[in-house]
2 protein chains.
Amino acid sequence: MTGKPKLETVAREAGVSIATASQVMRGAGRISDKTRSKVLKAAQKLHYVPDNRAASMRSGQNREIGFVINKISNPFNAEVISGVSDLLEAEGYLVSVLDARDDPDRQGRHIDAFIRNGRGGLLWVPAEQTPHKTFDLLTAHRIPTVTFLRRPEGSGFDHVGIRNAEATALATHHLAGLGHRHIAYLGGEELTAVRRERIAGYEATMSERDLGPAVIWDSNDIKQAGMEAMMALRAAHPETTAVVCNGDIVALGACHGIRRLGLEPGRDVSVVGFDDIPDAAVATPPLTTMAVSPYQLGRRLARVMLERLSEPDGPVSVSEVSAELVLRATTGPV
Amino acid sequence: MTGKPKLETVAREAGVSIATASQVMRGAGRISDKTRSKVLKAAQKLHYVPDNRAASMRSGQNREIGFVINKISNPFNAEVISGVSDLLEAEGYLVSVLDARDDPDRQGRHIDAFIRNGRGGLLWVPAEQTPHKTFDLLTAHRIPTVTFLRRPEGSGFDHVGIRNAEATALATHHLAGLGHRHIAYLGGEELTAVRRERIAGYEATMSERDLGPAVIWDSNDIKQAGMEAMMALRAAHPETTAVVCNGDIVALGACHGIRRLGLEPGRDVSVVGFDDIPDAAVATPPLTTMAVSPYQLGRRLARVMLERLSEPDGPVSVSEVSAELVLRATTGPV
DNA sequence: GACACATGGTATAACGTTATATCAAGATTA
DNA sequence: TAATCTTGATATAACGTTATACCATGTGTC
């Protein structure tokens, strides 16, 4: 075996032309069964693997989809990735994941490389502070793009997201219904679009039901930080009896913090999370949280991409999924 | 703007030949400052983005590295990915992650697509049950490959891994030193290579120090399963006062199980984890565990890849990193 | 003034596919 | 029998780069 076998090698081995070999490999054109099997046999014998670069360059098609996401380790994201790839792989596409870690530069490099390699489509959670030229680049190169979770304003891309404001409103109503009046919003650091929406839902409900005053407390998105933030929050606002959290990880941290203060989550202070990550169900006590099935969300995302791919000039689709309140043990009456 | 700009478009705009434009874009060859800036300006004006497929096809070079891994959501893996990409990106490479979810088929498809696209290098945690032809394919196509964690026997690939047997031996010695005699090994399901090594280290120490008898108890790698397995283990072997765990997630589950039995981790039953995931430090009680810095491991992996890339025919490098015992609160005297 | 040599630029053949047009030969029809 | 259609296969020009070889100039050197 000397050098990578190419279509020419296979064709020669099978005693046919390159064009014929190509058609057999793609299952296209009109080829007799006899020559088809001849070519197939030759390809197998030589361990022929087609070169996608040449193929996609010539055909203008590429069944590789990129998924630019921001925290690969978040179990929620991981499930989304599973949903996305299960569906797309079943359709013969291949999904590769790029973690931008919320850094616009890194994201830019990824998308650049993506365009350079002529990939077939892009699933994308745009980093906050994404420069405009990134959008322009994608539109200019006519890359089928679906944004996820974060919807850059004025973008003409398809989008799949979560009804954030609705979800936190629901959570706040739930707590208010249990008699809580001093409900705080805990978690997140910067005013990202998603967080802004969630806070809006919370604040709207607070003023609608005349509760208050609204308290927003920042926290980094790790357990430890959530714990510390909860303790600091209670120190500053001892009247707080319930918190709506920006995410489950912070919520779980908050529960630890409550314990540290000698109190019991769900009895003394109620906590609602967001995401319903696997740990939420098995934590002690199990976490009440806003759930959207990430796997299903991933499938939805994939479906939108498939539609866009099959109809490049179809209408822009924007779909938002509602979150459900999953009642567990961290919320209770005052 | 009509159609994607290519090198030819840029060259025409700048009034030079394609060859010259190409040299400018690559910063190669001998070009005067005057024409260089002419070309650069033209490229910018036209928003030219080179096509990597054509380039890599012609040059035989590709600075895209694939990382085939098995559970993207595992925080340990996520950190490894960070370490890998930080180093490789600094060197101008780009890392895309493919999650094979331990399915040899999916893995096969990924690697296939990988070869098809002529990527530059492969970092790879081989799925158990990886068929031989996958190895052969990679060697035949001379893809620079570094395996990670799992080292397929007889593979001629570079490798970076953890000294598993040494680590569990250390853990077992530690427990024995605290006076424990009935130490069990908890976690893992199938006899993967890694688990085999870890069990070997545990068993060797058990017999070496004449403890025993050795007990191996299976568990799926999620918290809930760890909890249930721990309770079942104690039911079957009530004399057990310590467990060495296959991973932190199971270990944290085990701690829950111990609590459920009305006992206290670290006082009544000692637990040692493996991986030192972020949660280990903030759990209650904080988990004693075997730590290898996944970030550093990722960097090491990247470095091995860089060496291989710069010296394709250099000697095969196999490096194994020792794990350290991190003492926290889940181990104590009998 | 003949020679070498450095400098700046260009023409052109690959790289491995696929799409298009074309062709030969046998089958069908009028 | 000539004209048309089908079937199965092929030749060839792209796709957008880069590497190689080459060709003009100008610049020293003896």
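First the proteins, then the strands, lettered A, B, ... as listed; each starts at 1.
- Comparing A:Gln61 and B:Arg36 by the nucleotide of DNA chain C whose heavy atom lies nearest to each, the residue mapping closer to the 5' end is B:Arg36.
- The shortest non-hydrogen separation linking B:Ile65 to B:Gly120 is CD1-C, 4.3 Å.
- Remark: C1' of C:dT17 and CZ of B:Arg116 are 13 Å apart, rounded to the nearest angstrom.
- For D:dT17, its base never sits under 3.5 Å from the side chain of B:Arg58 at any donor and acceptor pair.
- Of the candidate nucleotides D:dA11, C:dA19, D:dC15, C:dA19 has the atom lying nearest to any side-chain atom of A:Ser59.
- Atoms CD (A:Glu8) and C1' (D:dA11) sit 14 Å apart, rounded to a whole Å.
- Formation of a donor-acceptor pair under 3.5 Å by the B:Asp158 side chain with backbone atoms of B:Ser317 is found in this model.
- The aromatic rings of B:Phe157 and B:Phe135 sit tilted relative to each other, their planes meeting at an angle between 30° and 60°.
- Taking side-chain N and O atoms only, B:Thr35 has a distance below 4.0 Å to OP1 or OP2 of C:dG9.
- You'll find that the side chain of B:Tyr48 is closest to D:dT17, out of D:dT17, D:dT10, C:dG9.
- Residue-environment remark: CD (B:Gln129) stays at or below the threshold of 12 foreign heavy atoms within 6.0 Å.
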- In sequence, state the C-alpha distance, the side-chain angles, and the governing distance for B:Arg53 and B:Asp51, and then conclude on salt bridge (charged side-chain N to carboxylate O under 4.0 Å, His left out). CA-CA 5 Å; B:Arg53 293 169 295 185; B:Asp51 188 322; 2.9 Å; yes
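- Rounded to an integer number of Å, the gap from CG of B:Asp51 to C1' of D:dC15 is 8 Å.
- Across C:dC15, D:dT17, D:dA19, the shortest atom-to-atom separation from the side chain of B:Ala19 is found for D:dA19.
- At a threshold of 4.0 angstrom between heavy atoms, the contacts of B:Gln23 include nucleobase atoms, whether or not backbone atoms are also involved.
- Applying the 4.0 Å criterion to OP1 and OP2 of D:dT18, one finds that B:Ser22 has a side-chain N or O inside that range.
- For the pair A:Leu7 CG and D:dT12 C1', the computed distance is 14 Å after rounding to whole Å.
- Contact annotation: A:Arg26 reaches the phosphate of C:dA19 (side-chain N/O to OP1 or OP2, under 4.0 Å).
- Per the geometry, CE belonging to B:Met25 stands 16 Å off P belonging to D:dG16, to the nearest Å.
- Contact check, A:Thr20 against D:dT10: a side-chain N or O comes under 4.0 Å of OP1 or OP2.
- Whole-Å rounding puts the B:Arg53 CZ to D:dA14 P distance at 18 Å.
- We find that CG of B:Asn52 is positioned 11 Å from C1' of D:dG16, with the value rounded to whole Å.
- Taking only side-chain atoms of B:Arg30, from C-beta outward, the nucleotide of C:dG8, C:dT17, D:dT10 with the closest atom is C:dG8.
- Nearest heavy-atom pair across A:Gln107 and A:Val68 is CG-CG1, 4.3 Å.
- Closest to the side chain of B:Ala55, out of D:dT18, C:dT10, C:dG16, is D:dT18.
- Contact annotation: A:Ser56 does not reach the phosphate of C:dT17 (side-chain N/O to OP1 or OP2, under 4.0 Å).
- Remark: P of C:dC15 and CG of B:Asn62 are 18 Å apart, rounded to the nearest angstrom.
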